[in-house]
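Have a look at the structure below before the remarks.
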Amino acid sequence: MGAEDYLRDYLKQDSFFQNKVALQPNYHPEDINHRENEITKITKILAPILKGHKPSNVFMYGKTGTGKTLCAKHVIQQINTVANENNKKIITLYVNCKLKRVADTEYRLVAELARMLGTELPITGLPTDEVYNVFFKIVNIQECPILLILDEIDQLVKKAGDDLIYNLTRINGELEKSHITLVGISNDLSFADNLDPRVKSSLSEEELIFPPYNAPQIQDILRQRSEKAFKKNTVEQGVVEKCAAYAARDHGDARRALELLRVAGEIAEREGKNSIALEQIDEAEDKIERDRVVELVKNQPKQFQACLYSIIQIVSNSKDEVYTGDVYEFYKQLCDKTDLRPLTQRRISDIIGEFDMFGVVNAKIVSKGRYGRTREIKIGLPQEVKKKVLNILNVELGL
DNA sequence: GTCAATTCACATGAAAGAGACCACGGTCTAGTG
DNA sequence: CTAGACCGTGGTCTCTTTCATGTGAATTGACGA
């Protein structure tokens, strides 16, 4: 079939989607399934803010895709609505601390907050306490309660240390006409354990745990969304169930389930099918994984790519176990060939660790007794993806 | 044979350096009236 | 006289290096049965 024909057919075929947004992660449905308890709790905790009192700080835990952000945003929205109705001034600030180059350091976070309140601040160059001062001043001018939601706060604290939270809570002591309430959201359940006790007690005056969704719950959510997203009769029997089962299998991640459904829809549409069938879900799962890895690898710096290339080559060449030392040797030779300045083994060790985190590689620490202690490295990718990655690396490294 | 000490090959941590980016204030220069 | 170009200083941020310390079990070697 020629390209032209394809385009003609494509135009004739009507889309499955009537409102694709409903499947996107930032979509905000009016009613949120299976989180009624959490929402009422948060609402009750934060309600005093409407009367101008300072509510307790809240800390919310839960794995990815358990609806933390959604609930938080939902409650803020309601508070804002009620506040507007009654002519109360409340400022709500939502920041995602994971966003690179926006709010992933102390300086950036505070600067970003100040910016949200309407100051201009340089990206860098000022001393951090200067930025605090600016923020402090502008908060003082507002003369109203401020609700500060820090999403993925664990990322921030891991990088910037916990005195940042301490500083933020401390501000309250010096404010007269306004106060700041912190709402922390974390994916990491053990996050609070390594916190300074002082910080911990002030941050988590109230704690809320978001349990993972189970399969039936995810099904409900998927149904609710897919009714909005797809036209009638485009989703075959069992599709929703299967998506839900996949997502429930690894820690009840609703976001993943929605993505799976969306991508399955896109694939079915592209293939010119009449409806979304079970097999598209498998294809979607592969595609998501493949895209994720390919994107990741492409965006890595040269050194990381060289390291990954070394790992893949050496793992493919030798069938038995591969250790950090072997990778480093290969890597050094590779650097020689490609005119890359070789990094120290210390650094490579960290890089391997990062690839492990990304799930591209499985690096398990093993002790071989007298023969030392090292990482046993395997590749955590399906054959087909591995080949693709290798191709990319060949191009990127100019081999 | 048993048991603690040794030893290997890194892992893991902490600190500090290099180099990119940026703001700010001061100095110099050239253009203007 | 003044706007703009051009420093030097001091700050952040990321990626690395350097130095130091930690670690778990195979191996070793002393010891006693």
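Sorted by residue number, the members of residues 357-373 of chain A with any non-hydrogen atom under 4.0 Å from DNA chain B read A:Ile365, A:Gly369, A:Arg370, A:Tyr371, A:Gly372, A:Arg373. For DNA chain B, the neighbouring residues in residues 343-352 of chain A, judged by any heavy atom under 4.0 Å, are A:Gln345, A:Arg346, A:Ser349.
Contact check for A:Thr69 versus A:Tyr94: side-chain heavy atoms found under the 4.5 Å cut-off.
Between A:Phe230 and A:Phe17, the ring centre distance stays below 6.0 Å.
Counting only N and O atoms by type, the side chains of A:Gln155 and A:Asp104 include no donor and acceptor under 3.5 Å apart. Inspection of the A:Tyr246 and A:Asp282 side chains reveals an N or O donor paired with an N or O acceptor under 3.5 Å. A donor-acceptor contact closer than 3.5 angstrom is absent between the side chains of A:Thr181 and A:Asn57. Side chain to side chain, A:Gln333 and A:Tyr328 fail the donor-acceptor criterion of an N or O pair below 3.5 Å. Checking A:Ser275 against A:Glu236 by side-chain atom types alone, a donor-acceptor pair falls below 3.5 Å.
Under the 30°/60° scheme for interplanar angles, the aromatic rings of A:Phe330 and A:Tyr309 are found to be tilted.
Residue contacts shown for A:Gln303 are limited to sugar-phosphate atoms, with no base heavy atom under 4.0 Å away. Residue A:Asp326 is out of contact with every strand shown, counting any heavy-atom pair closer than 4.0 Å.
Scanning DNA chain C 5' to 3' for nucleotides with an atom closer than 4.0 angstrom to a non-hydrogen atom of chain A gives a first and last hit of C:dG10 to C:dT28.
One finds the CD atom of A:Glu106 at 8.0 Å from the CG atom of A:Leu168 (value rounded to the nearest 0.5 Å).
The side-chain contact (heavy atoms from CB on, under 4.5 Å) test with A:Arg35 singles out one residue from A:Leu70, A:Thr66, A:Ile221, and that residue is A:Thr66.
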